Amino acid sequence: QVQLVESGGGSVQPGGSLRLSCGVSGYVFNSTCVGWFRQAPGKERKEVATIYTDFPHTYYAGSVKDRFTISQDKAKNTVYLQMNSLKAEDTAMYYCAASTTGAKEWRCANLEVTLFPYWGQGTQVTVST
């Protein structure tokens, strides 16, 4: 059974930084896509970043490019999201998600939400003064 647990959320001032962690169990990083998504109150869940674990290759939504960095530590079965220069618009519940093994890289590159059958419970990020 695949399980994902997010951590590292909290409250931060605009311009600050946070690093989110996604610990994965019952899962093998082999031709898989792991992604971060976020959902603000009253809005749909939106893509943030994905990582294709074989190489790895990384992909970002335009709203976070050059501010956020997704990375992995295969030995720890963990994926990270480093968030810098945070804005109020980044306030949301952040979710980690994982694809099945053998996922197509082009779908990972497109940050397709339907690629991910496994989801964590989420961690709250609040950016305010």
Side-chain angles (χ1 to χ4, degrees):
Q1 182 179 359
V2 177
Q3 294 184 346
L4 294 82
V5 180
E6 303 95 334
S7 62
S11 297
V12 65
Q13 295 181 351
S17 299
L18 285 173
R19 190 179 77 158
L20 306 184
S21 298
C22 175
V24 183
S25 62
Y27 195 76
V28 178
F29 286 174
N30 183 22
S31 298
T32 55
C33 184
V34 179
W36 285 98
F37 299 81
R38 64 187 183 186
Q39 187 169 23
K43 294 188 175 182
E44 295 184 345
R45 187 174 300 176
K46 293 186 177 180
E47 66 278 3
V48 176
T50 57
I51 183 167
Y52 195 71
T53 57
D54 280 1
F55 301 102
H57 288 165
T58 58
Y59 310 93
Y60 299 92
S63 60
V64 305
K65 190 175 182 179
D66 299 325
R67 297 191 299 121
F68 292 8
T69 302
I70 187 170
S71 62
Q72 67 181 24
D73 186 335
K74 285 191 172 183
K76 296 181 178 180
N77 266 30
T78 301
V79 172
Y80 304 95
L81 184 68
Q82 178 67 45
M83 306 185 295
N84 298 325
S85 301
L86 283 163
K87 306 174 181 179
E89 304 91 90
D90 296 317
T91 296
M93 184 72 74
Y94 282 71
Y95 298 91
C96 181
S99 74
T100 60
T101 57
K104 301 297 183 182
E105 185 179 359
W106 69 267
R107 296 192 67 193
C108 190
N110 287 338
L111 287 73
E112 294 186 10
V113 67
T114 56
L115 183 62
F116 305 95
Y118 309 114
W119 293 81
Q121 296 299 310
T123 185
Q124 179 67 39
V125 172
T126 302
V127 185
S128 67
T129 58

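As the structure is a prediction and not an experimental result, all values here were calculated from the model.
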Quiz item: Is any side-chain heavy atom of Gln124 closer than 4.5 Å to a side-chain heavy atom of Thr91?
Solution: yes
Quiz item: For the side chain of Thr78 and the backbone of Gly23, is there at least one donor-acceptor N/O pair under 3.5 Å apart?
Solution: no
Quiz item: When you measure from the side chain of Thr32 to the backbone N and O of Phe29, does any donor-acceptor pair fall under 3.5 Å?
Solution: no
Exercise. Would you name the heavy atoms of Ala92 and Ala40 that are closest together and state the gap between them?
Key: CB-N, 3.9 Å
Quiz item: Looking at side-chain heavy atoms only, is the closest gap between Ser17 and Gln82 below 4.5 Å?
Solution: yes
Exercise. List in chain and number order the residues that pass ring-ring contact (aromatic ring centres under 6.0 Å, His included) with Tyr80, two or more places apart in sequence or in another chain; answer none if no residue qualifies.
Key: none
Quiz item: In the single-linkage hydrophobic clustering (I, L, V, M, F, W, Y; side-chain heavy atoms under 4.5 Å), do Leu20 and Tyr118 co-cluster?
Solution: yes
Quiz prompt | Any donor-acceptor N/O pair, Lys74 side chain to Thr53 backbone, under 3.5 Å | solution = yes
Practice problem: Keeping the roles fixed (side chain from Tyr27, backbone from Ser99), state whether a donor-acceptor pair exists under 3.5 Å. | Solution: yes
Quiz item: Cluster question for you: counting only ILVMFWY and a side-chain heavy-atom cut-off of under 4.5 Å, with indirect links fine, are Val79 and Leu18 together?
Solution: yes
Quiz item: Taking the side chain as C-beta and beyond, is there a heavy-atom pair between Thr69 and Met83 under 4.5 Å?
Solution: no
Quiz item: In terms of ring plane angle, is the pair Trp119 and Phe37 parallel, tilted or perpendicular, where the classes change at 30° and 60°?
Solution: tilted
Practice problem: Let me see the working for Val34 and Gln72 under side-chain contact (heavy atoms from CB on, under 4.5 Å), right down to the final yes or no. | Solution: CA-CA 9 Å; Val34 179; Gln72 67 181 24; over 6 Å; no
Quiz prompt | Atom NZ of Lys65 with >12 non-hydrogen neighbours under 6.0 angstrom | solution = no
Quiz prompt | Distance (rounded to the nearest 0.5 Å) between Ser25 OG and Gln3 CD | solution = 4.5 Å
Quiz prompt | Value rounded to 0.5 Å, distance of SG in Cys33 from CD1 in Ile51 | solution = 9.0 Å
Practice problem: Evaluate the criterion side-chain contact (heavy atoms from CB on, under 4.5 Å) for residue pair Glu47 and Glu112; output intermediate values, then yes/no. | Solution: CA-CA 8 Å; Glu47 66 278 3; Glu112 294 186 10; over 6 Å; no
Quiz item: Sequence neighbours excluded, which residues qualify as ring-ring contact (aromatic ring centres under 6.0 Å, His included) partners of Phe68?
Solution: none
Quiz item: With sequence neighbours left out, which residue pairs that include part of residues 70-107 fulfil the disulfide (SG to SG under 2.5 Å) condition?
Solution: Cys22-Cys96
Quiz item: In a check of side chain to side chain contact (heavy atoms under 4.5 Å, CB included) between Leu81 and each of Thr123, Ile70, Val125, which one passes?
Solution: Ile70
Quiz item: Can Tyr59 and Tyr52 be said to form a ring pair (Phe, Tyr, Trp, His ring centres under 6.0 Å), step by step?
Solution: CA-CA 9 Å; Tyr59 310 93; Tyr52 195 71; 8.0 Å; no
Quiz prompt | Least distance between heavy atoms, Ser21 atom then Trp36 atom | solution = O-CH2, 3.7 Å
Quiz item: Any side-chain heavy atom of Thr50 sitting closer than 4.5 Å to one from Leu115?
Solution: no
Quiz item: Can you tell me how far CD of Gln121 sits from CE of Met93, rounded to the nearest 0.5 angstrom?
Solution: 9.5 Å
Self-check item: Distance-minimising heavy-atom pair for Pro117 and Ala98
Solution: CD-O, 3.2 Å
Quiz item: Does Asp54 use its side chain to pair, donor to acceptor, with the backbone of Ser31 at less than 3.5 Å?
Solution: yes
Exercise. State, with a plain yes or no, whether a side-chain heavy atom of Val12 is found less than 4.5 Å away from one of Thr126.
Key: no
Quiz item: Does Asp73 reach the main-chain N or O of Ala75 with its side chain, forming a donor-acceptor pair under 3.5 Å?
Solution: yes
Quiz prompt | Within 6.0 Å of CD in Gln39, more than 12 heavy atoms from elsewhere | solution = yes
Practice problem: For the pair Arg38 (side chain) and Tyr94 (backbone), establish whether a donor and an acceptor sit closer than 3.5 Å, ignoring hydrogens and angles. | Solution: no
Quiz prompt | Expected output: side-chain Glu6 to main-chain Gly122 donor-acceptor under 3.5 Å | solution = yes
